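Below is one structure, written out as structure tokens; the observations come after it.
Since this is a predicted model, take the numbers as computed values, not measurements.
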Amino acid sequence: MKAPGFYPRFPGTPVRVLLFAAALASGALLLTAGFPPGARDRLPVLALAVVIALCAAVSPARGIALFCFVFPWVGLIARAAGGADPVAWPGVLLSGLAAGWCFRFIYDFESAPRPARADPALRALLAVWALATLLAAGRAVTLWAVLRGLSGRAVNREGLPDAVALRETLFAFAALAGGAAFYFLLRRSGEAARRAALPACLAGIAVSSLTAVLQRVGALPPRAGAYWKLTGRLEGGAVDPNSLGLLCALGLLAALASAVRAPASARRPLAPLLLSILLASGLLLSGSRSGFAVAAGSLALLLFAPAFSGRARAAVAAALVVLTAGAAGIAMSAGKGSAGARMAQTFDPSLPLEYRVSARPVLWRAAGRLFLRHPIEGAGMGAFSWELPDLLAEEGRSLSSRDNPGSGYAQALAETGALGFLVTAAAVLALAAQAWRRARDRAAEPMIAAAGISVVVFLAALVAGSHWLAPDVSLLFFLLAAVSAAPSGAEPGNAVRRVGLAAMVAYAAAALVAVGRTGSFVEAFRYAPRIGFHSLETGPGGPFRWTRRRFAVFVPPGQTLRLGLANFGPSGQPVAFEARSAGRTLTGALPPGGATAIRITTAAAPAAVRFSLDRSFVPKRMGLSSDRRSLGVLSTSTADGGRGGL
């Protein structure tokens, strides 16, 4: 019989050790994928992650507060450190926080789980995201190529390498799963840690907004990117302008709540009012229409929240009017790239509809077709962006760059299929219900109620944007969800557990079947007749490609392929090669500077010929150039317009 208030130590020590190892492994993976060797900001992000980890190991609450203060303006830190793209910074810093927190958690015998109502559905969704990531990775590299040690496969008609597709899939998963992991970390850390985390995050957003203001007046240089210079939008200290707008929009209501929450004092605190002004300024300068809609929706929904007094509602209504007037004023004064100017463009009938809605109808139609291709399990996490060129080609269209579907729910349907979409819908409804329940609680503090309102409005905004794929926005959203979630007081019933487990098992089975279908070499060579070759180059003798140590070619039925191989490596040693196809093997050796020509002819069936070399070289390691690729031999082929001989 358990004593009142007694909780068994859950999870056990082995699981806690595994969580610590997973935090370290995820940080190493993100550091490798997001920061190539030689990146100028690789050491700074690692150093800052270590500082956060040490702080969390000593005091988890302080580590969480430090992380929450830093992540909204990692873009500024990355640019100051010489980084080109800060998108991987939040994930690496979160890994540092998780590592330090989990290290302390191993020796924690006092804290007890305080489950919230949405926790089971969110755990199931996190599992679906992980399985969808494995599914996307399997489709990108294919089972056939992996079993034969091949890499460098094209994943779409434009020849996008599988390494780029894997990187995009990893970052999409890191943004979503990182936010969910942060939610559970906060829920286990206690009320005091969550209370300190939100104000620290608001202070970090203020730093990001102040950076945008300084960029506008010319005190700080804007981001060195041609696209953002063209649009006139400012990112401040955030990852990009869209992130800045959504960070400010999600934090604005909580900032206003802190400014009007002191009924016993006639003197209003100056800091929350300045914070609100900074966040509103950052929102307007970001040019984010989604951010403006989230802010307006949050302020409007506040009028139906009993947690706020009548005077507070009136003050917030006045803030809504001021915000709208400010946006309109900036638009009328030709504030290029501001939220007001872009909102005015949305309703300008002289502009094309697709420009006014950021091509969303085209993207939504593409997402629908991708869902119809994989209706059960979806295409896999992050797969929409690298499938988009093929989807647009079906309509005879193209876009200047790859994009997401423009809707979090359309993306869930296209990338996780019907099964994943149902789990997503269940988690979204559970999160919205628990957040709105707190917003309607008359006894709730205004800032916590404001967090609940922001969660509900953000989930509604996902209809017209894949906003939680931005890593800093995802972290703030799940922070607000954790702050606004009240403990349910009990673990979910067996029926709820069974439904969640059944959904995960069904999705895992569907994903396993889908990955198994990539075991054919025809699927592996779907988009290009070669695997393991680097990009096409042009030399004095015509077009050529460098190979990797292992590579393969595909020959359609009834055709002939001529392939030339040459040993132009700097080692001055012969390179032995072996070619395999349909149980037959050909071996040979290329002397230094030597070449050979291979002719491959097929009859009624297609053929795949796999090559392996006994050596390769990296020019950077040999001091020859800054090229970090692993190079095997130089090749020419009739498939590239060459003669197939050297």
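- Rounding to the nearest 0.5 angstrom, the gap separating the CD1 atom in Ile106 from the CG atom in Leu19 is 8.5 Å.
- Leu29 contributes atom CG, which lies 5.0 Å from atom CG of Leu170 (distance to the nearest 0.5 angstrom).
- Here the side chain of Asn156 pairs a donor or acceptor atom with the backbone of Gly159 at under 3.5 angstrom.
- Residues satisfying the side chain to side chain donor-acceptor pair (under 3.5 Å) criterion with Ser95, sequence neighbours excluded, are Ser26.
- Legend: side chain to side chain donor-acceptor pair (under 3.5 Å) pairs involving residues 569-583, not counting sequence neighbours, sorted by first then second residue: Gln573-Arg615, Glu578-Arg580.
- Looking only at distances, no side-chain donor or acceptor of Ser616 sits under 3.5 Å from a matching main-chain atom of Arg548.
- For the atom pair CG (Leu94) and OG (Ser474), the distance works out to 9.5 Å, reported to the nearest 0.5 Å.
- Side chain of Ser466 to main chain of Ser407: a donor-acceptor pair is present (N/O by atom type, distance under 3.5 Å, no hydrogens or angles).
- Aromatic ring orientation, Phe533 versus Phe551: perpendicular (interplanar angle above 60°, classes split at 30° and 60°).
- The ring-ring contact (aromatic ring centres under 6.0 Å, His included) check on Phe71 picks up Phe67, with sequence neighbours excluded.
- In this structure, Thr416 contributes its side chain and Ala412 its backbone to a donor-acceptor pair below 3.5 Å.
- Annotation for Arg628: atom CZ counts as buried by contact number, over 12 foreign heavy atoms lying within 6.0 Å.
- Ion pair Glu537/Arg545 not flagged as a salt bridge, since none of the NZ, NE, NH1 or NH2 atoms sits closer than 4.0 Å to an Asp/Glu carboxylate oxygen.
- Counting only distance, with no hydrogens or angles, the side chain of Gln215 and the backbone of Gly236 share a donor-acceptor pair below 3.5 Å.
- Here salt bridge (Lys or Arg N to Asp or Glu O under 4.0 Å) pairs that include residues 158-170, with residues two or more places apart or in two chains, are Glu168-Arg402.
- Not counting sequence neighbours, the partners of Phe103 by the ring-ring contact (aromatic ring centres under 6.0 Å, His included) test are Phe20, Tyr107.
- At least one donor-acceptor pair closer than 3.5 Å links the side chain of Thr602 to the backbone N or O of Gly558.
- Rounding to the nearest 0.5 Å gives a distance of 5.0 Å between CG of Leu48 and CG of Leu93.
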Without placing hydrogens or testing angles, list every side-chain donor-acceptor pair under 3.5 Å for residues 127-146, not counting sequence neighbours.
unit_1, atom_1, unit_2, atom_2, d
Thr133, OG1, Trp129, O, 2.8
Arg139, NH1, Gly378, O, 2.6
Arg139, NH1, Ala379, O, 3.4
Arg139, NH2, His374, ND1, 3.2
Arg139, NH2, Glu377, OE2, 2.6
Thr142, OG1, Ala145, N, 3.4

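- The ring-ring contact (aromatic ring centres under 6.0 Å, His included) check on Phe384 picks up nothing, with sequence neighbours excluded.
- Residues that satisfy the side chain to side chain donor-acceptor pair (under 3.5 Å) test with Thr32, not counting sequence neighbours, are absent from this structure.
- Legend: salt bridge (Lys or Arg N to Asp or Glu O under 4.0 Å) pairs involving residues 140-149, not counting sequence neighbours: none detected.
- Looking at Arg562, its side chain never comes within 3.5 Å of a backbone N or O of Thr638 through a donor-acceptor pair.
- Counting non-hydrogen atoms of other residues, nucleotides and ligands closer than 6.0 Å to CZ of Arg550 gives a total of 12 or fewer.
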Going through the distances and angles, do Trp89 and Asp472 end up as a side-chain hydrogen bond (donor to acceptor under 3.5 Å, both in side chains)? CA-CA 9 Å; Trp89 272 70; Asp472 44 0; over 6 Å; no
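- Here Glu235 pairs with Arg79 in a salt bridge; the nearest charged N to carboxylate O distance falls below 4.0 Å.
- Atom CZ of Arg157 has 12 or fewer heavy atoms from other residues, nucleotides or ligands within 6.0 Å.
- Side chain of Asn567 to backbone of Gly594: no donor-acceptor contact under 3.5 angstrom is found.
- Remark: Ser208 engages no residue in a side chain to side chain donor-acceptor pair (under 3.5 Å) (not counting sequence neighbours).
- Residues passing the side chain to side chain contact (heavy atoms under 4.5 Å, CB included) test with Arg526, sequence neighbours excluded: Arg153, Glu523.
- With sequence neighbours excluded, no residue forms a ring-ring contact (aromatic ring centres under 6.0 Å, His included) with Phe371.
- In terms of modelled atom types and a separation under 3.5 Å, the side chain of Arg549 and the main chain of Asp614 share a donor-acceptor contact.
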